[in-house]
Amino acid sequence: MSIYESLNPVQQEAVYHTEGPVLILAGAGSGKTRVLTHRIAYLIEEMGVNPWNIMAITFTNKAAEEMRERVDKIVGFGSESIWVSTFHSTCVRILRRYIDRLGFDNNFTIYDTDDQKTLIKDVCKRLDIDTKTYKERNIMAAISKAKEEMITPEEYLLNAGGDYAQKKMAGIYQEYQKQLKKNNALDFDDLLCKTVELFEYNPDVLEYYQNRFRYIMVDEYQDTNTVQFRFISMLAKKYKNLCVVGDDDQSIYKFRGANIQNILGYEKVFPEAKVIKLEQNYRSTGNILNAANMVIRNNKGRKDKTLWTDREEGEKLKLCQCETGYEEAERIVAEIKQLVAGGTYRYSDCALLYRTNAQSRILEEQFVRENIPYKVVGGVNFYARKEIKDLLCYLKTIDNGRDDLAVRRIINVPKRGIGATTIDRVQEYAAEHEMSFYDALRMAEQIPSLGRAASRIIPFVNQIQVLRSKLEFMSLKDFMEEIIASIEYEKEYENEDAEEVAARMENVDELISKLADYEESEEQPTLSGFLEEVALIADIDSLDDSSNRVVLMTLHSAKGLEFPKVFLCGMEDGLFPSYMCITSDDPSDLEEERRLCYVGITRAMDSLTISFAKQRMIRGETQWNKPSRFLKEIPFELFEGMIKENKIKEMPKNNSYASAKQAFQTRAFQPKAFAVNDSKELDYGVGDTVFHIKFGTGIVKEILEGGRDYEVTVEFEKAGVRKMFASFAKLKKL
DNA sequence: CAGCCATATCTTTTT
DNA sequence: GATATGGCTG
């Protein structure tokens with residue numbers, strides 16, 4: 001029996017249709033990776049395609065690795081020459097070879113979000129722009145958006161017309177690009193943009209890759225943005241063998257520029273496209289799938305399809321109704337504990353999914369308390385931690401002195417008595433003489449404005465030079481250790497408490513072992529090679545299935561994964577769907593949120609537990625939220641009899657704010673309502689319409705006296721019922 | 001120049 | 001509640 005007979009007829013159709021554009025609409029759990037891998041095998045084994053001519057693109061390294069592994073398993077020979085990688089690393093590979101044609105050096109560095117922010121700050125300083133009126137994050141978002149749409153600084157300026165703020169923004173954008181180039185650096189968006197630019201101006205390069213990649217497959221197509229679309233359509237233009245796989249119902253990256261039209265309008269761009277729908281789900285039980293279908297059908301702009309399964313109905317969904325976020329954590333962890341004690345499931349079968357990273361903390365605390373192994377995916381990226389970044393910047397400085405940001409980051413780490421003024425002066429000198437920051441440092445003694453400060457710079461430069469000369473005689477791992485010893489890095493943290501230092505050192509050790517891993521796995525390990533690999537790593541990539549731990553992550557990170565037992569936490573209006581999109585006047589924002597919910601539900605194979613808390617602390621503020629509106633979209637019959645509510649457990653005591661809150665609550669059982677004029681300090685009363693800076697207008701429902709302050713309950717038009725302390729809320733009577 | 005304290009803002013999601 | 005920033009002081 002051939003391997004293709006194990007596929008269902010529709011899947012087979014997708015595999016056998018090898019020529020021309022193909023759109024595979026693959027519902028959650030419908031075996032799309034299976035189809036893709038089999039399609040690759042079919043191309044090679046039955047169609048005689050050279051593996052070298054096949055490219056598969058994914059979004060994360062993890063997905064790429066997984067696909068590579070599975071292809072290796074079913075393709076007998078030559079699978080290693082298939083190009084399986086992410087958009088970003090594909091572009092890096094191309095740019096490493098050809099970016100000199102755009103006037104960059106081929107050993108460019110890649111800036112992460114942190115570096116970007118530093119550079120933006122720098123640029124603002126240079127252009128004398130107040131970062132209070134123009135926030136870095138907004139600037140970054142604007143630039144990123146422009147790049148996603150392939151708008152150059154010049155075009156941006158034209159588009160700005162007479163708009164003062166937009167014109168300013170164009171100026172920042174332009175200067176930012178100039179600085180990037182000066183530092184020989186590209187940011188994430190540039191990787192795509194520059195590749196497209198390269199193709200546009202160098203038809204020979206484009207043609208080379210067009211010939212090379214005669215068969216292109218793109219996974220998670222619904223999440224591609226405009227540049228990415230441009231990139232693949234340029235590559236596929238010659239042979240038109242472009243097979244894209246995606247699910248419009250799982251498009252959840254609009255905020256990052258993903259253009260859902262890429263998938264919805266695929267047939268318009270390629271009228272000859274073959275469209276195949278995979279609607280049989282192999283992952284979830286009937287009940288879970290029903291719930292998912294019932295939720296997603298409330299969206300309007302979607303391709304019509306209904307997932308079905310021939311798995312049995314399975315367990316009903318569980319609904320876990322909690323008083324507080326704390327109780328939610330407690331009950332979920334207790335249930336997992338019980339589940340694993342039962343023997344059928346392991347910790348790693350369980351996943352906790354939530355909307356925001358901030359929700360992980362309270363859950364983590366509970367896992368620690370109960371001594372259950374867990375792993376948080378996302379949040380602060382390993383490579384974004386201070387100690388790791390510092391050391392990486394040493395590596396970068398040694399590798400390529402052109403990266404001013406890296407040099408400036410470490411010049412005073414550990415403290416060398418080099419302050420901001422000195423750095424500014426060197427910077428000035430470097431700008432005047434059009435040299436890099438590091439080169440300016442090397443001639444510190446000749447910079448007149450420095451004076452005595454030069455004597456502090458010389459040892460630093462010497463240290464770097466000495467290290468650089470040692471690089472070629474050492475393994476990367478030893479070299480890293482040499483750096484740490486040479487700079488006496490531990491001194492940087494001598495004032496921190498032991499626990500924190502231990503955690504940092506653990507990270508440093510992990511970095512060292514990553515270097516060792518890299519050296520072992522690579523045929524020709526180089527420092528630049530390592531730095532490049534590191535720049536494109538996402539947290540999800542490190543998730544391995546072998547360790548027996550409960551996984552905690554955001555719904556976004558969970559896309560593409562599956563778990564036997566899924567817990568969907570924090571299902572409250574205002575949290576999920578988020579406050580931002582409830583108040584947004586664009587209804588499609590809510591649809592995106594609903595898709596996120598759909599993604600969450602469809603991660604579950606055997607069982608799904610949905611939980612929400614009536615009361616939750618968010619950003620140090622207690623909120624009372626209604627259960628999520630998405631809950632109401634799931635038919636009641638799909639839930640098992642609600643879990644009995646536990647008695648409310650005591651709140652954690654180590655938290656003074658929480659206990660203050662709790663004291664307040666006990667009081668609330670005998671409310672002492674104030675009439676309008678009883679309060680001397682408040683100029684509003686029950687029934688009045690008030691205005692809150694963030695929540696807008698609302699009506700005062702209740703005012704309670706609480707020690708030195710008043711607790712005011714307001715029903716806002718848009719934000720729902722909120723309780724807040726009068727002194728913080730600064731409510732204005734209307 | 002570095003260390004300390006007060007403050008402001010944050011949170012949606014990430015390659 | 002946490003973190004980043006800014007101002008002040010030694």
Phe255(A) stacking on dT13(B): centroids under 5.5 Å, ring planes under 30°?
yes
Charged N-O contact under 4.0 Å between Asp248(A) and Arg595(A) = no
(message) Between Asn225(A) and dT15(B), is there a contact of a side-chain N or O with OP1 or OP2 at under 4.0 Å?
(response) no
Phosphate OP1/OP2 of dT5(C) contacted by Lys121(A) side-chain N/O (<4.0 Å): yes
Separation of dC10(B) atom P from Asn357(A) atom CG, nearest Å, is 17 Å
Atom CD1 of Ile57(A) and atom C1' of dT15(B) are separated, to the nearest Å, by 13 Å
- Message: Distance criterion of 3.5 Å, no angle test: do you see the side chain of Arg355(A) paired donor-to-acceptor with the base of dT13(B)?
- Response: yes
Against the side chain of Lys415(A), the closest entry in dA2(B), dT14(B), dT11(B) is dA2(B)
Between CD1 of Ile618(A) and P of dT9(B) the distance, given in whole Å, is 20 Å
Atom CZ of Arg137(A) and atom P of dT13(B) are separated, to the nearest Å, by 9 Å
Q. Can you tell me if the side-chain N/O atoms of Thr421(A) get under 4.0 Å from OP1 or OP2 in dC1(B)?
A. yes
Looking at Glu633(A) and Arg594(A), is there a salt bridge between them, counting it only when a charged N and a carboxylate O are closer than 4.0 Å? yes
| request: For dT13(B) and dA4(C), measure between their P atoms and round to the nearest Å. | output: 15 Å
Taken to the nearest whole Å, CG/Leu536(A) to P/dT14(B) is 17 Å
* Asked: Could you go step by step and tell me if Thr622(A) and Trp624(A) meet the side chain to side chain donor-acceptor pair (under 3.5 Å) rule?
  -> CA-CA 7 Å; Thr622(A) 303; Trp624(A) 278 259; over 6 Å; no
From the candidates dT15(B), dT13(B), dT5(C), the one with an atom nearest any side-chain atom of Arg256(A) is dT15(B)
Here the distance between atom C1' of dC1(B) and atom CG of Asp424(A), to the nearest Å, is 13 Å
Report which part of the nucleic acid Phe188(A) touches: base, sugar-phosphate, or nothing (heavy-atom distance under 4.0 Å, all strands). base
By nearest-nucleotide position on DNA chain B, the 5'-leaning member of Ala420(A) and Val377(A) is Ala420(A)
Considering only heavy side-chain atoms of Arg361(A), the closest of dG1(C), dT14(B), dT15(B) is dG1(C)
Please determine whether a side-chain nitrogen of the Lys or Arg among Lys194(A) and Asp187(A) lies less than 4.0 Å from a carboxylate oxygen of the Asp or Glu.
no
Point to revise | Contact under 4.0 Å: Asn412(A) side-chain N or O vs dA2(B) OP1/OP2 | key: yes
Under 4.0 Å, counting only non-hydrogen atoms across every strand here, what does Tyr253(A) touch: a base, just sugar-phosphate, or nothing? sugar-phosphate
Heavy-atom nearest nucleotide on DNA chain B taken for Asn61(A) and for Ile418(A); more 5' hit belongs to Ile418(A)
Problem - Side-chain N or O of Thr422(A) closer than 4.0 Å to phosphate OP1/OP2 of dC1(B) - result: yes
In whole angstroms, the gap separating C1' of dT15(B) from CG of Leu192(A) amounts to 9 Å
The single option from Arg409(A), Arg408(A), Arg504(A) that satisfies salt bridge (Lys or Arg N to Asp or Glu O under 4.0 Å) with Asp390(A) is Arg409(A)
Are the charged groups of Asp424(A) and Lys125(A) less than 4.0 angstrom apart, N to O? yes
Self-check item: Phosphate contact (dT13(B) OP1 or OP2) by Ser578(A) side-chain N/O below 4.0 Å
Solution: no
Whole-Å distance, Tyr579(A) OH to dT11(B) C1', equals 12 Å
